[in-house]
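Given the structure is predicted, the values throughout are model-derived calculations rather than measurements.
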Amino acid sequence: MVEHDALSATREAYDAAAPTYAQLFRDSLGDRPLDRAILGGFAEVVSARGDGDGQVADLGCGPGHVTAYLDELGLTVFGVDASPEMIKLARQAYPGLRFDVGSMAALNIADGELGGVLSRWSIIHTPPRELPVVLAEFHRVLAPGGHLLVGFSASAGPSHPTQVFDHTVAPAYRWWPDHLATMLREFGLAEVGRMVREPQPTDRRQFQEIQLLARKA
């Protein structure tokens with residue numbers, strides 16, 4: 001399969017940055033109670049489905065720290081990332097968990113296999129024209145009633161459905177949350193709720209952070 005240039009560039013950039021990234025973000029949930037709360041809610045709704053093990057994929061898992069947190073919450077979870085170096089570090093840090101190299105645009109996961117999908121700031125490097133392919137994959141791998149939790153940075157307003165921003169590692173995009181919610185609905189993923197975190201004065205980027213929970217019908 002011929003990969004998109006954006007994916008190749010992103011993978012190479014994260015391979016190069018993997019050790020630094022892992023060091024910076026390994027304990028990032030410690031001072032983010034709202035993030036822990038939304039992840040806890042996600043774990044509860046996935047577990048509440050009650051049909052099997054509620055397997056969850058953490059897509060764009062990076063060095064695996066959030067995958068490990070979901071495991072602590074009782075989910076049967078595995079991580080997927082396009083960066084082999086990130087996966088190498090995740091396997092070293094969490095040898096009891098499964099981590100696979102893969103692309104969100106072409107997942108090696110069977111139809112309807114998952115009770116949950118976590119995409120935590122992993123769609124931000126997907127060019128807008130390519131995002132529909134990724135959303136279709138989210139829908140394909142989720143079982144009916146399964147949940148998606150997607151995190152991203154908000155654009156400046158409804159007149160800016162998407163905006164490019166200068167990410168430290170690779171080119172990235174912000175999304176207006178209502179626009180993204182509409183796209184999800186077009187792919188059979190209905191919004192259940194969202195959390196909006198306002199930027200703090202000390203944050204390097206003054207963007208709203210959005211975490212949007214959706215459910216497959």
Side-chain angles (χ1 to χ4, degrees), residues 1-4 6-8 10-11 14 38-39 41-91 94-127 129-152 180-181 183-192 211-217:
M1 183 182 78
V2 177
E3 293 184 321
H4 295 294
L7 174 60
S8 298
T10 299
R11 180 179 58 240
Y14 273 99
I38 193 68
L39 289 170
F42 172 69
E44 284 195 37
V45 296
V46 171
S47 299
R49 293 179 65 242
D51 55 348
D53 60 10
Q55 189 171 205
V56 170
D58 178 7
L59 303 181
C61 65
H65 57 294
V66 178
T67 316
Y69 185 72
L70 293 179
D71 175 69
E72 292 174 6
L73 293 177
L75 294 178
T76 302
V77 59
F78 64 96
V80 178
D81 201 279
S83 165
E85 288 301 315
M86 286 289 193
I87 292 299
K88 178 181 177 181
L89 292 175
R91 289 170 175 167
Y94 310 104
L97 297 178
R98 170 187 161 193
F99 295 97
D100 300 330
V101 177
S103 165
M104 294 189 299
L107 294 165
N108 187 25
I109 300 171
D111 294 359
E113 183 175 341
L114 303 179
V117 166
L118 177 66
S119 172
R120 183 177 166 83
W121 276 267
S122 56
I123 66 165
I124 65 171
H125 299 299
T126 303
R129 68 183 180 278
E130 298 176 14
L131 187 61
V133 175
V134 172
L135 300 185
E137 278 292 89
F138 291 170
H139 180 271
R140 181 185 67 79
V141 299
L142 278 170
H147 286 81
L148 165 71
L149 180 61
V150 57
F152 56 97
L180 187 57
M183 291 184 69
L184 289 173
R185 188 163 59 249
E186 291 170 352
F187 283 91
L189 297 163
E191 181 179 356
V192 174
Q211 299 198 54
L212 196 154
L213 182 68
R215 180 180 182 273
K216 179 176 175 177

[X] and [Y]: which non-hydrogen atoms are nearest, and at how many Å?
{"X": "L184", "Y": "A214", "result": "CD1-CB, 4.4 Å"}
{"X": "P132", "Y": "R129", "result": "CD-O, 3.7 Å"}
{"X": "L97", "Y": "A68", "result": "CD1-CA, 3.7 Å"}
{"X": "A143", "Y": "G112", "result": "CB-O, 3.4 Å"}

R215 side-chain N/O to V192 backbone N/O, donor-acceptor pair under 3.5 Å: no
Flag, side chain of T67 to backbone of D58, donor-acceptor distance under 3.5 Å: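 Side chain of T67 to backbone of D58, a donor-acceptor pair under 3.5 Å: no, none is there.
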Under the side-chain hydrogen bond (donor to acceptor under 3.5 Å, both in side chains) test, residues paired with R140 that sit two or more places apart: D111, E137
For T126, all residues meeting side-chain hydrogen bond (donor to acceptor under 3.5 Å, both in side chains), sequence neighbours excluded: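 Partners of T126 by the side-chain hydrogen bond (donor to acceptor under 3.5 Å, both in side chains) criterion come out as none, since no residue qualifies.
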Taking the side chain as everything from C-beta on, heavy atoms only, tell me whether [X] gets closer than 4.5 Å to [Y].
{"X": "Q211", "Y": "L149", "result": "yes"}
{"X": "F138", "Y": "K216", "result": "no"}
{"X": "V141", "Y": "E113", "result": "no"}
{"X": "V134", "Y": "L59", "result": "no"}

Residues L135, L148; criterion side chain to side chain contact (heavy atoms under 4.5 Å, CB included); working and verdict: CA-CA 10 Å; L135 300 185; L148 165 71; 5.5 Å; no
Side chain to side chain contact (heavy atoms under 4.5 Å, CB included) between L189 and L142, intermediate numbers included: CA-CA 10 Å; L189 297 163; L142 278 170; 3.8 Å; yes
Pairing residues for H65 by the side-chain contact (heavy atoms from CB on, under 4.5 Å) criterion, not counting sequence neighbours: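 F25, S28, P63, Y94.
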In Å and rounded to the nearest 0.5 Å, what is the [atom1] to [atom2] distance from [X] to [Y]?
{"X": "L118", "Y": "Y69", "atom1": "CG", "atom2": "OH", "result": "12.0 Å"}
{"X": "S119", "Y": "M104", "atom1": "OG", "atom2": "CE", "result": "5.0 Å"}
{"X": "L75", "Y": "Q55", "atom1": "CG", "atom2": "CD", "result": "10.5 Å"}

Side-chain donor-acceptor pairs of residues 79-89 under 3.5 Å, sequence neighbours excluded:
{"residue": "D81", "atom": "OD1", "partner": "S83", "partner atom": "N", "Å": "2.9"}
{"residue": "D81", "atom": "OD2", "partner": "C61", "partner atom": "N", "Å": "3.3"}
{"residue": "D81", "atom": "OD2", "partner": "G62", "partner atom": "N", "Å": "2.8"}
{"residue": "S83", "atom": "OG", "partner": "D15", "partner atom": "OD1", "Å": "2.5"}
{"residue": "S83", "atom": "OG", "partner": "E85", "partner atom": "N", "Å": "3.4"}
{"residue": "S83", "atom": "OG", "partner": "M86", "partner atom": "N", "Å": "3.1"}

Selection residues 67-76 - residue pairs positive for salt bridge (Lys or Arg N to Asp or Glu O under 4.0 Å), sequence neighbours left out: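 Output for this query is empty, none listed.
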Full working for side chain to side chain contact (heavy atoms under 4.5 Å, CB included) between L212 and F152: CA-CA 9 Å; L212 196 154; F152 56 97; 4.2 Å; yes
Full working for side chain to side chain contact (heavy atoms under 4.5 Å, CB included) between F78 and I109: CA-CA 11 Å; F78 64 96; I109 300 171; 3.8 Å; yes
Partners meeting salt bridge (charged side-chain N to carboxylate O under 4.0 Å, His left out) with R98 (sequence neighbours left out): D100
